[in-house]
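Report on one structure; see the data block that follows.
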Amino acid sequence: MNRMTLFSKKYILLGVFGLVLVVGLSMAWRYLTTGKIVVNAPSSESIIVVKNQEGATVLEKTGKLSAAVGRGEYTVSVSSKTFSATKQVHIAGRQTHTETFTAARQHDIEPVVGQDARSIAVSADTIRYLAASESYIIQIDGANTISTFPGTKKFVDIQWADPNYGVAMDSGGELFEISGSTIRKLTLPVTINDTSYATASVNADRSMYVSIKGVIYYGNQRNGLKKIYTANTEAPRIISTSNHAIILESETTGADHPEITNHLTSISKTGDRLGETSIVLNESMLGDNLVAWSRDGKRIAVFNGGSDNAVYNERLRKLQTIPGSDLSNPHWINSTTLVYSQQNLVWRYDTTTQTASVYASVDGDTEITTITSDPQEQYMYLTSSAPSGSGLLRVGLKDQTTSPNAYDLAIYLPYTSGEGCGFNYINFRNQTKILITAMRAEDFAVCSSIAAGVISSTTTPYDTIPKQYLVNADQTIFI
C-alpha cells in the first residue's frame with residue numbers, strides 16, 4: 001500500500017466522520033429546537049389550521065392534529081359550522097403542547113309572547129316594545145300582565161335607555177320623550193320641519209345624541225342639547241354610548257352593480273374626532289343592525305353582513321377579527337361577551353379567549369332579526385321572522401328552566417277566532433299565562449270556552465293555567 005492510498009483513506013475517514021458529526025449535530029439541534037403540538041377539536045369535521053408568525057399555514061388537518069413543529073409562536077384556529085376559536089400558542093423545544101377546544105352546549109330558546117316585537121327594552125321586571133310597523137307601546141310587568149302604555153300615541157321606532165326612559169319617533173318624524181308614564185315632545189335646539197328630519201340615540205345614563213340635518217347635538221332634556229359636530233351628510237345614523245358616538249354615513253357607488261360603503265367616524269361627547277374607517281357592505285344584509293357598542297363604551301363591533309367583521313376600540317382601531325360570514329345583529333351582553341346572529345343561529349363570542357360558538361338556534365326557516373338583553377344578564381331576547389309567523393323569544397344566560405306550559409301554548413297560540421276573540425301566551429315572569437281578548441267584557445265566557453277547545457293538550461290542565469282577560473275593542477293589543 002503506497003503513501004498516496006493511505007493519505008486518501010485518511011481524508012475519506014475524516015470526511016465520513018465530519019459528515020456523521022454534522023448529521024448528529026443537526027439532529028441534536030432539531031431535537032433541542034423542535035416541539036410537538038397536539039390539537040383536540042370539538043368534532044371530527046372541525047378544521048384545524050396552524051400558522052406561523054408570518055401568517056403562513058404550516059399545518060392543516062381535520063378532527064385532531066398531532067405533529068412536530070419548530071419552537072416559536074403560532075396561531076391555532078379551529079372552525080366548524082357551529083364553532084370557531086383562535087389561540088396564540090408558544091412551542092418550546094423537547095416539549096409537547098396540547099390545546100383542547102370545547103364547544104359550549106347549545107341552550108334552549110323559549111317563547112315570551114306571540115307578537116312581532118320591535119324596539120325592545122327590558123329589565124328584571126318590565127319589558128316594553130312596539131308591535132307591527134306602527135303601534136302603541138306594549139308592556140309586560142313583573143306579574144306577567146300585558147297592557148298598552150298609558151296614552152294613545154303610536155310610534156314607528158323607539159331608542160331606549162331603559163324601559164322607563166326613551167326617545168320615540170312617530171310616522172311624521174317627530175321625536176317624543178318617554179319618561180316613566182309620561183309622553184311629551186322632545187325639546188330640541190331648533191325647530192323640525194319636513195326637510196329637517198331628526199334622529200336620536202339614547203344612552204344608559206339618559207344622555208342623548210341628536211342629529212338634525214347632519215348637525216349633531218349632545219346633552220339631555222334637563223340641561224339641554226349642545227351642538228358638537230357636523231356630519232358630511234344630512235341624514236347620518238348615530239350609534240352611541242355615554243362618552244362616544246359613531247356617526248355612520250352610507251355612500252353608494254357604481255351604476256350597474258351599486259356598492260354601498262359605510263363610513264364610520266368616532267367622536268367624543270364634546271365633538272372631538274377620534275378615528276374613522278370604512279366598511280363595504282354585503283348587499284344582502286343592508287337593512288340589518290351591523291354596529292354595536294360594548295356596555296363599558298370601550299369596544300365596538302362592526303359587521304358588514306359578509307366576512308369583514310371585527311371588534312374595534314373607541315378610536316376605530318381594529319382589535320380582533322370575528323370569524324364567520326353573513327353575520328348581523330351584534331349585541332354586547334357585557335364588556336367582553338358579544339352575541340350575534342347568522343340566519344337562524346345565535347353565536348356567542350368571548351373577546352378574552354377569542355372563542356366563538358353557537359349558543360342557541362331557532363327553526364331552520366326562521367331568521368333572527370334583533371338581539372338584546374337585560375342589564376342583569378339573566379336573559380337574551382330575540383325577535384324572529386318566519387313563514388309561520390313571528391314572535392318574541394329569549395334564551396337563558398344562567399341555565400334557567402322553562403315552564404313546560406310555555407312550549408305547549410306556543411304550539412296553539414296566537415290564534416284569532418271568528419267571534420272576535422284573540423288568544424296568546426305571556427311568558428315573561430312568574431307563571432305562564434293565557435291572554436284572552438274580546439271586543440266586549442261580556443264576551444269573555446264565550447272566548448274562554450273557545451280557548452279551551454283550541455288548546456287541546458297541555459302539560460297543565462287548561463282550567464288551572466293562569467289567564468288574563470282584556471277588552472281589546474280598539475285593537476291596541478295586536479294578536
Side-chain heavy atoms of Glu177 within contact of Tyr165, under 4.5 Å
yes
Please tell me whether Thr383 and Thr369 have a donor and an acceptor in their side chains that are separated by less than 3.5 angstrom.
yes
Would you find a donor on one side and an acceptor on the other, under 3.5 Å apart, between the side chain of Gln378 and the backbone of Gln400?
no
Assess the side chains of Lys298 and Thr241: does a donor N or O sit below 3.5 Å from an acceptor N or O?
no
For the residue pair His97 / Glu99, report whether a side-chain donor-acceptor contact shorter than 3.5 Å exists.
yes
Rounding to 0.5 Å, atoms CD (Glu367) and CD (Gln342) come to a distance of 11.0 Å
Decide side-chain contact (heavy atoms from CB on, under 4.5 Å) for Ile138 and Ile146; before the verdict, give the C-alpha distance in whole Å, the side-chain angles of both, and the deciding distance to 0.1 Å.
CA-CA 7 Å; Ile138 297 174; Ile146 195 168; 3.7 Å; yes
If you look at every heavy atom in Arg118 and Tyr129, which pair is closest and at what distance?
O-CB, 3.4 Å
With a 4.5 Å limit on heavy-atom distance, are the side chains of Asn203 and Tyr209 in contact?
yes
Tell me which one of Val280, Val291, Leu248, Asn304 satisfies side-chain contact (heavy atoms from CB on, under 4.5 Å) with Asn262.
Leu248
Please indicate whether Arg184 has more than 12 foreign heavy atoms, meaning atoms of other residues, nucleotides or ligands, lying under 6.0 Å from its CZ.
yes
Arg348 side chain near Thr337 side chain, heavy-atom distance below 4.5 Å:
yes
Under 3.5 Å, side chain of Thr126 to main-chain N/O of Ser123, donor-acceptor pair present?
no
Tell me if a side-chain donor or acceptor on Asp363 pairs with a main-chain N or O of Thr366 at a distance below 3.5 Å.
no
In the structure I gave you, are the side-chain heavy atoms of Leu316 and Ile246 within less than 4.5 Å of one another anywhere?
yes
Check for a donor-acceptor pair, side chain of Ser341 on one end and backbone N or O of Ser328 on the other, with a separation under 3.5 Å.
yes
Mark yes when over 12 heavy atoms from residues, nucleotides or ligands other than Gln431 sit less than 6.0 Å from its CD; otherwise mark no.
no
Would you say that Phe423 contacts Ile450 through its side chain, given a criterion of any heavy-atom pair below 4.5 Å between the two side chains?
yes
What's the shortest heavy-atom distance between Trp293 and Ser266, and which atoms?
CH2-OG, 4.4 Å
Closer than 4.0 angstrom, basic N to acidic O: yes or no for Asp162 and Arg206?
yes
Atom OG in Ser201, atom OH in Tyr218: separation rounded to 0.5 Å?
11.0 Å
Take Lys61 and Ser66 through the test side-chain hydrogen bond (donor to acceptor under 3.5 Å, both in side chains) and record every step on the way to the result.
CA-CA 9 Å; Lys61 201 170 181 182; Ser66 179; over 6 Å; no
Has Gln320 got a side-chain atom pairing as donor or acceptor with Thr351's backbone, closer than 3.5 angstrom?
yes
Pair Asp170 + Lys153, salt bridge at N-O below 4.0 Å
yes
Check: Val122 main-chain N/O paired with Asp374 side-chain donor or acceptor under 3.5 Å:
no
Side chains of Asn424 and Gln115, donor plus acceptor under 3.5 Å
no
Are side-chain N/O atoms of Ser417 and Glu419 paired as donor and acceptor at under 3.5 Å?
yes
For the student: nearest non-hydrogen atoms of Thr62 and Ser44, plus distance:
CG2-O, 3.0 Å
Is the backbone of Ala292 close enough, under 3.5 Å, to the side chain of Trp332 for a donor and an acceptor to pair up by distance?
yes
Give the intermediate values and the outcome of side-chain contact (heavy atoms from CB on, under 4.5 Å) for residues Ile37 and Val76.
CA-CA 10 Å; Ile37 184 170; Val76 180; 3.8 Å; yes
Nearest heavy-atom neighbours spanning Ser119 and Trp160
O-NE1, 2.8 Å
Donor-acceptor under 3.5 Å (Lys154 side chain, Ser171 main chain)
no
Is there a donor-acceptor contact under 3.5 Å from the side chain of Asn164 to the main chain of Gly180?
no
Once the angle between the rings of Phe101 and Phe83 is folded into 0 to 90°, is it parallel (under 30°), tilted (30 to 60°) or perpendicular (over 60°)?
perpendicular
Ile127 and Leu392: CA distance, side-chain angles, deciding distance, side-chain contact (heavy atoms from CB on, under 4.5 Å) verdict:
CA-CA 11 Å; Ile127 184 168; Leu392 178 60; 3.6 Å; yes
Nearest non-hydrogen partners of Val346 and Ile371, listed with the distance:
CG1-CD1, 4.5 Å
Taking the side chain as C-beta and beyond, is there a heavy-atom pair between Ile137 and Ile158 under 4.5 Å?
yes
Between His331 and Thr372, the two heavy atoms sitting closest are NE2-C, 3.6 Å
Cationic tip of Lys467 within the cone over Tyr462's six-membered ring, i.e. under 6.0 Å and within 45° of the normal?
yes
Evaluate the side-chain proximity of Phe155 to Ile183: yes if any heavy-atom separation is below 4.5 Å, no if none is.
yes
I would like to know whether Val69 and Tyr74 meet side-chain contact (heavy atoms from CB on, under 4.5 Å); could you show each step before the answer?
CA-CA 10 Å; Val69 290; Tyr74 294 88; 3.9 Å; yes
Where does the angle between the aromatic ring planes of Tyr381 and Phe428 fall among parallel (under 30°), tilted (30 to 60°) and perpendicular (over 60°)?
tilted
Ignoring hydrogens and angles, tell me if any N or O in the side chain of Arg299 forms a donor-acceptor pair with the backbone of Ser335 under 3.5 Å.
yes
Would you say the side chain of Tyr469 lies within less than 4.5 Å of the side chain of Cys447, judging by non-hydrogen atoms?
no
